[in-house]
Amino acid sequence: MTDETLPLSSDPLHGSEEIRAYFGDVYPRVLAFAELLADQGVTRGLIGPREVSRLWERHILNSAALAPFLPSGVVADVGSGAGLPGMVLAAMDPARDYILIEPMERRTQWLFEAARDCGIENVRIVRGRAEEVAESVEADVVTARAVASIDKLVKWCSPLLSAQGRMVLLKGRSAPDELERAKYTLRKHRFTGEVHEAPTLPGVEPTTVVVLSRSGS
Ligand SMILES: C[S@@+](CC[C@H](N)C(=O)[O-])C[C@H]1O[C@@H](n2cnc3c(N)ncnc32)[C@H](O)[C@@H]1O
């Protein structure tokens, strides 16, 4: 067996007590999504086969790390793709409405089926580009991972947000430079940005989270 074909059981966090305790009551839904992603998510080309043996740290926990930064209200996850971070966050937070925005038909079909098969009922899937769906989306929070620069995300997503809406973005270590490059756009749209290191489990690399809040909110 090559590294490319390792099963989900090869992920050292899979089924661990730490993961069960971290997710608590919502663990069964998150587990169902992780298992679907490791199986059909790979065969349907949503994630690479090499991701399976590091699925919990790289993808599921990395997405879950955004949860403490979400203010109340509707969340729109832009460029959901495989469902990251939107489907994970929706699975963790069944009382809140999530809108998953994704332009590619093949990926929206995956998102519909994953929500149905994993019992994640609090998601609405919108097919389209973020900058083209303002008529059908109004959210209090926008999330995104690996979709575009901060500058572009602010331009595309500001029209989707309520007046005091916030953006909570998963970013890499270059987040401070990206914020600097976006400073005129941030000012124009009344956002101020902060970079946070968000821990999940001991021994797991923290996630870099950029929070954009409206000035004065
Ligand atoms: C690299 S993938 C990341 C997917 C997922 N967020 C993740 O972290 O695995 C980028 C996703 O953004 C979507 N995308 C690209 N441009 C977009 C736009 N203007 N509005 C919404 N989604 C977009 C792509 O179709 C793709 O699914």
Side-chain angles (χ1 to χ4, degrees), residues 8 11 30 33-67 69-70 74-92 98-115 118 120 123-139 141-161 165 167-175 178 182 185 189 198 200 205-210 212:
L8 186 54
D11 181 333
V30 178
F33 180 62
E35 288 179 336
L36 196 66
L37 202 51
D39 176 10
Q40 284 190 36
V42 175
T43 52
R44 294 167 68 165
L46 276 307
I47 60 164
R50 284 172 190 273
E51 301 311 307
V52 174
S53 62
R54 52 194 181 192
L55 193 75
W56 284 97
E57 174 164 355
R58 280 278 194 97
H59 300 286
I60 307 293
L61 286 173
N62 185 252
S63 297
L66 290 192
F69 297 91
L70 304 180
V74 175
V75 176
D77 184 44
V78 167
S80 284
L84 302 165
M87 198 72 83
V88 175
L89 293 168
M92 292 170 71
Y98 283 78
I99 305 168
L100 309 185
I101 302 169
E102 170 55 51
M104 284 184 62
E105 207 264 336
R106 186 174 63 84
R107 293 182 183 172
T108 54
Q109 190 57 34
W110 154 261
L111 293 168
F112 276 117
E113 292 174 28
C118 299
I120 301 169
V123 293
R124 174 161 73 94
I125 291 137
V126 171
R127 182 170 171 211
R129 303 179 70 79
E131 61 275 37
E132 293 168 356
V133 296
E135 280 189 7
S136 58
V137 173
E138 183 172 351
V141 195
V142 159
T143 57
R145 181 182 97 151
V147 177
S149 66
I150 293 174
D151 192 72
K152 278 192 184 149
L153 286 169
V154 169
K155 286 175 184 159
W156 294 348
C157 301
S158 290
L160 310 181
L161 278 172
M167 298 183 60
V168 179
L169 310 173
L170 264 161
K171 283 285 168 187
R173 296 199 180 281
S174 61
E178 252 192 73
T185 304
H189 292 272
T200 51
E205 197 181 337
T207 300
T208 305
V209 179
V210 173
L212 306 181

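In what follows, every heavy atom counts, from backbone to side chain, and hydrogens, waters and symmetry copies are set aside. Start at 1 and go down the list; that is how both ligands and their atoms are numbered. FYI, the numbering just counts along the sequence from 1.
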- Query: Can you check side chain to side chain contact (heavy atoms under 4.5 Å, CB included) on Leu153 and Val142, steps first, answer last?
  - Reply: CA-CA 9 Å; Leu153 286 169; Val142 159; 6.0 Å; no
- Query: Stepwise, does the side chain to side chain contact (heavy atoms under 4.5 Å, CB included) test hold for Val42 with Ile47?
  - Reply: CA-CA 5 Å; Val42 175; Ile47 60 164; 3.8 Å; yes
- Using the side chain to side chain donor-acceptor pair (under 3.5 Å) rule, collect all pairs that involve residues 100-110, keeping only residues at least two apart or in two chains. Gln109-Glu113
- Task: Dump the intermediate steps for side chain to side chain contact (heavy atoms under 4.5 Å, CB included) on Leu111 and Val123, then the final yes or no.
- Result: CA-CA 9 Å; Leu111 293 168; Val123 293; over 6 Å; no
If you look only at distance, which donor and acceptor atoms sit under 3.5 Å apart when one is on a side chain in residues 131-139 and the other is two or more places apart or in another chain?
residue : atom : partner : partner atom : Å
Glu131  : OE2  : Arg129  : NE           : 3.3
Ser136  : OG   : Val133  : O            : 3.3

- Note on the structure: Using heavy atoms and a strict 4.0 Å limit, residues surrounding ligand 1 turn out to be Val78, Gly79, Ser80, Gly81, Leu84, Glu102, Pro103, Met104, Arg107, Arg129, Ala130, Glu131, Arg145, Ala146, Val147, Trp156
- Non-neighbouring partners of Asp39 that pass salt bridge (charged side-chain N to carboxylate O under 4.0 Å, His left out), sequence neighbours left out: none
